[in-house]
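Quick caveat: nothing in here was measured; it's all calculated off a predicted structure.
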Amino acid sequence: MTATCDVPLRAAAPLWSRDFQLYFTARLVSLLGDAMLPVALMYGVVELGYGTTGVGLVLAAEMVPFVAFVLFGGVLMDRFTAQRMMVGADAARFVLMAAAATAFAAGHPALWLLMTLSALSGTATAAFQPGLAGVVTQVSDDLQRANAVIRVAESMANLGGPALAGVLIAAAGVPVVLTVDAATFAVSGVCLLMLRLNSVPHRGSEDSTWRNLVEGWHEFRSRTWMASVIVGWMVLGITVWGPIRPLATILVTDHDGASGLGLMWTAFGAGGVVGGLAGIRFRPARPLASGATVLLAWAGWPLIMATGAALPLVCLGAAVGGATIAYWGVMWSTSVQTHIPATVLNRISAYEIGGSLVAFPIGQALAGPVSGAVGTSAALYASGAILVAVLVTLLSVPAVRHLGARPAPPASEAVPVIGSGS
């Protein structure tokens with residue numbers, strides 16, 4: 001295992017520096033747009049007459065290329081810098097969303113066109129996401145506070161984005177929502193372009209793409225704590241994270257209608273704000289162990305729904321779920337950013353993101369057939385039990401349990417020999 005020290009993170013400088021303000025603005029507006037987009041797309045596709053099948057195809061068209069190309073995004077960032085790649089990705093997504101808005105405004109866009117635009121957007125997102133972790137390390141010296149503040153912004157965007165999209169659709173139609181989404185990418189790109197970032201030397205940047213991919217894989221798997229968590233998250237993606245939305249939608253809608261479903265997801269978002277604030281307040285000596293322990297409480301949400309509890313209890317469970325997953329997210333992001341050298345962070349982040357998300361659509365696809373075969377309540381009971389089993393297993397891994405907090409490694413830190421980490 002790479003040597004670590006259980007030293008609480010301390011702020012070396014005020015959080016709200018010029019660069020962090022720009023980065024925070026970029027993330028906030030981008031996250032708000034991301035929260036609005038699914039509502040507009042789902043409503044627009046259904047309104048066009050393509051039904052739930054069309055919605056699934058459009059959403060899948062974005063996810064598949066994202067998963068396929070995210071590893072290459074990490075490699076390309078080592079060649080062209082994360083800042084350039086992220087600005088370019090925002091520019092591409094601005095054009096694509098503007099094209100989608102134009103297509104809806106012009107009449108009746110074909111399903112193939114919407115799928116194509118969605119696929120290109122997913123590819124651009126794959127060129128954007130791997131750079132997030134590395135940029136945070138360059139715009140803030142207090143990574144835990146930075147990650148917590150961004151997590152709060154994400155939760156607030158998830159709270160306000162769908163509601164704002166609904167209001168805009170009712171008042172002005174789908175094209176306006178897509179135009180606003182395009183504008184968020186423009187704002188994000190300009191803010192990222194204005195960042196004053198130091199150049200980070202990347203080992204192997206002149207090597208072939210394949211060699212860089214292989215090197216990134218070795219760096220990833222050599223860290224037992226990271227590989228263990230991602231394998232666990234792949235299991236949870238199929239059994240917990242993927243199925244929870246369709247299963248919750250079925251159960252809550254049947255009992256409490258659309259308004260009940262909206263209240264539950266509002267409670268989830270509000271819980272995320274609380275979890276992010278807790279990430280600012282508490283600085284555990286062993287972040288991963290703390291995050292995984294807190295996340296055990298997430299199991300209460302599917303278990304409450306499985307029992308057929310009243311809506312207030314379901315909303316309480318959702319709030320706890322939102323709070324615990326947000327707190328975990330702060331601990332995980334901070335651990336990755338402080339234990340991975342900047343020279344390989346983009347590539348390792350790509351493997352982390354790809355591994356975390358690849359199982360998500362599988363879980364979504366299996367939720368219907370499995371719940372149909374065993375019942376929705378049984379599927380939710382199993383989901384909660386599997387979550388507990390996976391987290392207890394992770395906590396039994398010494399590399400996960402003992403990973404300590406540490407200051408962020410400077411960009412000039414020497415890259416450890418492959419295989420030395422765990």
Subject >> Close side-chain approach of F185 to M97, heavy-atom, < 4.5 Å >> reply: yes
**OP:** Drop me the distance from F282's CZ to S290's OG, to the nearest 0.5 angstrom.
**Re:** 9.0 Å
**OP:** Take R84 and T81 through the test side-chain contact (heavy atoms from CB on, under 4.5 Å) and record every step on the way to the result.
**Re:** CA-CA 6 Å; R84 291 174 184 170; T81 77; 3.3 Å; yes
**OP:** For residues T123 and P65, determine if any side-chain heavy atom of one lies less than 4.5 Å from a side-chain heavy atom of the other.
**Re:** yes
Subject >> Test item: S333 side-chain N/O and V330 main-chain N/O as donor-acceptor pair under 3.5 Å >> reply: no
Original post:
Is there a donor-acceptor contact under 3.5 Å from the side chain of Q83 to the main chain of L192?
Top reply: yes
Original post:
OG1 of T334 to NE2 of H339: how many Å apart, nearest 0.5 Å?
Top reply: 10.0 Å
Original post:
Do I340 and R223 touch side chain to side chain, with heavy atoms closer than 4.5 Å?
Top reply: yes
Subject >> D19 side, atom CG; S140 side, atom OG - distance, nearest 0.5 Å >> reply: 10.5 Å
Original post:
Taking only residues two or more places apart in sequence, or in another chain, which ones meet A126 in a side-chain contact (heavy atoms from CB on, under 4.5 Å)?
Top reply: F66, F69, V70
Subject >> Flag if over 12 foreign heavy atoms under 6.0 Å of CZ, R401 >> reply: yes
Subject >> Closest non-hydrogen atom pair, P243 against G363 >> reply: CG-O, 3.7 Å
Subject >> For the student: nearest non-hydrogen atoms of G269 and S155, plus distance >> reply: O-CB, 3.5 Å
Original post:
What do you reckon, is CZ of F94 surrounded by more than 12 foreign heavy atoms closer than 6.0 Å?
Top reply: no
Original post:
Looking at CG of D141 and OG of S17, how far apart are the two atoms once the value is rounded to the nearest 0.5 Å?
Top reply: 8.0 Å
Original post:
For the atom pair CE (M305) and CG (L247), what is the distance rounded to the nearest 0.5 Å?
Top reply: 7.5 Å
**OP:** Search all heavy atoms of A101 against all heavy atoms of L178 and return the closest pair with its distance.
**Re:** CB-CB, 3.7 Å
Original post:
Is the backbone of A289 close enough, under 3.5 Å, to the side chain of T293 for a donor and an acceptor to pair up by distance?
Top reply: yes
Subject >> Residue pair W225 / V336: nearest heavy atoms and the distance that separates them >> reply: CH2-CA, 4.0 Å
Original post:
Who are the salt bridge (Lys or Arg N to Asp or Glu O under 4.0 Å) partners of D90, not counting sequence neighbours?
Top reply: R93
Subject >> W301 vs T324 side-chain heavy atoms within contact, under 4.5 Å >> reply: no
Subject >> Sub-4.5 Å side-chain heavy-atom contact between S383 and T239 >> reply: no
**OP:** For G384 and L303, work out which heavy atoms get closest and say how close.
**Re:** CA-CD2, 4.4 Å
Original post:
Where the side chain of H108 meets the backbone of L48, is there a donor-acceptor pair that is under 3.5 Å apart?
Top reply: yes
**OP:** Report the C-alpha separation of V314 and D256 in whole Å, then their side-chain angles, then the decisive distance to 0.1 Å, and conclude whether the side-chain contact (heavy atoms from CB on, under 4.5 Å) test is met.
**Re:** CA-CA 11 Å; V314 172; D256 302 289; 5.9 Å; no
Original post:
How long is the span from the OG1 atom in T376 to the OH atom in Y381, to the nearest 0.5 Å?
Top reply: 12.5 Å
Subject >> Check: N158 side chain, E154 main-chain N or O, donor-acceptor pair, under 3.5 Å >> reply: yes
Original post:
Should L236 and W233 be marked as a side-chain contact (heavy atoms from CB on, under 4.5 Å) after you check the CA-CA gap, both sets of side-chain angles, and the distance that decides it?
Top reply: CA-CA 5 Å; L236 294 179; W233 247 241; 4.0 Å; yes
**OP:** Can you sort out the partners of L120 under side-chain contact (heavy atoms from CB on, under 4.5 Å), two or more places apart, ordered by chain and number?
**Re:** L96, T116
**OP:** For the pair R283 and D142, find out whether any cationic side-chain nitrogen is under 4.0 Å from an anionic carboxylate oxygen.
**Re:** yes
Original post:
Would M36 and L168 count as a side-chain contact (heavy atoms from CB on, under 4.5 Å) if you check the C-alpha gap in whole Å, the side-chain angles of each, and the deciding distance to 0.1 Å?
Top reply: CA-CA 10 Å; M36 295 170 62; L168 289 175; 3.7 Å; yes
Original post:
With a 4.5 Å heavy-atom cut-off, do F104 and L114 have their side chains touching?
Top reply: yes
**OP:** Kindly give the heavy-atom pair with the smallest separation between A146 and F20, and that separation in Å.
**Re:** CB-CE1, 3.6 Å
Original post:
Is it true that a side-chain atom of S118 and a backbone atom of V58 form a donor plus acceptor pair closer than 3.5 Å?
Top reply: yes
Original post:
Quick one: are W241 and I325 in side-chain contact, heavy atoms under 4.5 Å?
Top reply: yes
Original post:
Which class fits the ring pair W332 and W328: parallel under 30°, tilted 30 to 60°, perpendicular over 60°?
Top reply: parallel
Original post:
With side chains defined as the heavy atoms from C-beta onward, is the minimum distance between V149 and W16 less than 4.5 Å?
Top reply: yes
**OP:** Look only at the side chain of S228 and the backbone of T224, and say whether a donor-acceptor pair between them is shorter than 3.5 Å.
**Re:** yes
